[in-house]
Protein chains: 2
Amino acid sequence: LIELEGISKTYKTGKISFEALRGVDLKIEKGESLSIIGPSGSGKSTLMHIIGLLDKPTKGNYLLDGKNINRHNSNKLAVLRNQKIGFVFQSFHLLQGSTAWENVALPLAYSRKNNKQKKEKAMKYLDLVGLKRWASHKSNELSGGQMQRVAIARSLVNDPEIILADEPTGNLDSKTGEEILKILEEQKQRGITVILVTHDPEISKRTDKTIKILDGNIVK
Amino acid sequence: LIELEGISKTYKTGKISFEALRGVDLKIEKGESLSIIGPSGSGKSTLMHIIGLLDKPTKGNYLLDGKNINRHNSNKLAVLRNQKIGFVFQSFHLLQGSTAWENVALPLAYSRKNNKQKKEKAMKYLDLVGLKRWASHKSNELSGGQMQRVAIARSLVNDPEIILADEPTGNLDSKTGEEILKILEEQKQRGITVILVTHDPEISKRTDKTIKILDGNIVK
Ligand SMILES: Nc1ncnc2c1ncn2[C@@H]1O[C@H](COP(=O)(O)OP(=O)(O)OP(=O)(O)O)[C@@H](O)[C@H]1O
Ligand SMILES: Nc1ncnc2c1ncn2[C@@H]1O[C@H](COP(=O)(O)OP(=O)(O)OP(=O)(O)O)[C@@H](O)[C@H]1O
Ligand SMILES: [Mg+2]
Ligand SMILES: [Mg+2]
């Protein structure tokens, strides 16, 4: 499903070039679950953004379903992202002025559902993450872990084939974190490919595979 | 040093009132370290904001150094906050357009240091958290864990008497997280009062005391 060949990403800070990823090779099968672990600053979020079509590599090839994404224009990429991929950001990226349910419903913007159906579907996923009663809270009226769970619900609402979750339990107590992991495991049971960044070795034990990143390289 | 008596906090969402804190009593001695644990949404960050003078309680009394903070006007509170308290926010709150060192230097705005001295002091604390080489990166050119460490450095730079850290290792791998905990333990050795919110029971074992919050109440 996902094939990365020689993926490199260089950032420029002023005149200085920084190689965040240095020739990453990776194959991920459909329906597989993968953990990405590694120290702070090693390149995990950068890798997730490239897999999630949010960023282009500086070098290398990314084949999604056998097609090289370098050949897609940005409209095609946006459509692919909206239809195939659910992304939970490390810093959530909720819309500030919007309520919890409006945030969850956002990926449904291009679907053929009417507003009533969108709200119903958003409510279903808010309920799944334990936040039904907080549906009308604005983003800034939520606790840190509640924002994280809204971001998780949003990543599921459009029935993606691939879920990318960047440290999805970082702001959650162990009981709530466990509920989230069970939801992600359920998604995998239904054939969805789940890729997690985590700092918790207990979490990485529960996925099919784990890769470790160090200074932009996958290490054994 | 810190005395909370009957502290309550009510939020209004539309017409609905929500009691985030319900009559909290708490005494914290100078130089003590305290962990606050509890489920997502239980009121930990709300309590931290009140202790940190960022928010006023709806009911109850807060005595800081024996003085009731209800009697202070907002200028006095701002001065107290700047001088006595270092706060690490759960969502970091870094200034977007500014570099790492500028963010760390922010609390020095009212000190009598000149710009060269401010930058030197900021660099010293960035080095302490392992980010000397990232000093000129803008906030959005940092990884999640790097942002968290900039927020931690910022909380220390003005030599506060009280450090409030809301989940300071949530975005850090265990090795980097351990370095941060050692820094906080060093601060406590020097007589500084350290209050942490954490979801990690291993971390709460290392502080003098732990309190658990459930639905806005401290429970045994
Ligand atoms: N826009 C940018 N410009 C310059 N450097 C960047 C930029 N974005 C990220 N970096 C750098 O690239 C490196 C990798 O960042 P990345 O966010 O992928 O790390 P990470 O593994 O997710 O870390 P964490 O566990 O702390 O979230 C970091 O050293 C970071 O400072
Ligand atoms: N401005 C607000 N308006 C309405 N409700 C709010 C507001 N801010 C917080 N709340 C609610 O108050 C409760 C406590 O929030 P708080 O941020 O203190 O929780 P927390 O214990 O820090 O949770 P977490 O571990 O998820 O960070 C939550 O249920 C939250 O939805
Ligand atoms: Mg990251
Ligand atoms: Mg919180």
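No experiment lies behind these values; they were computed from the predicted model shown. The basis for the numbers below is simple: all heavy atoms, side chains too, and nothing from hydrogens, waters or symmetry mates. Naming: A, B, ... by sequence-line order, numbering from 1 per chain.
- Checking B:Ser40, B:Pro201, B:Ser42 one by one against A:Asp173, the side-chain contact (heavy atoms from CB on, under 4.5 Å) holds for a single residue, B:Ser40.
- Proximity to chain A is absent for every atom of B:Ser45, based on heavy atoms less than 4.5 angstrom apart.
- Only the backbone of A:Ser136 has a heavy atom closer than 4.5 Å to any heavy atom of chain B.
- With a 4.5 angstrom heavy-atom cutoff, A:Phe92 does not touch chain B via any of its atoms.
- Listed options B:Gly144, B:Ser91, B:Gly43 were ranked by heavy-atom pairs under 4.5 angstrom with chain A; first place goes to B:Gly144.
- Counting non-hydrogen atoms of other residues, nucleotides and ligands closer than 6.0 Å to NZ of B:Lys56 gives a total above 12.
- The backbone N or O of A:Ser174 lies less than 3.5 Å from no partner atom in the side chain of B:His199, so there is not a single donor-acceptor pair.
- Interface residue B:Gln146: backbone and side-chain heavy atoms are both found under 4.5 Å from chain A.
- Surrounding NZ of B:Lys188 are more than 12 heavy atoms belonging to other residues, nucleotides or ligands, all under 6.0 Å away.
- In terms of heavy-atom pairs under 4.5 angstrom with chain A, the leader among B:Thr169, B:Asp166, B:Leu172 is B:Leu172.
- In this structure, chain B has a heavy atom under 4.5 Å from the side chain of A:Glu141, while its backbone stays farther away.
- By number of non-hydrogen pairs under 4.5 angstrom with chain B, the leading residue of A:His137, A:Lys175, A:Met147 is A:His137.
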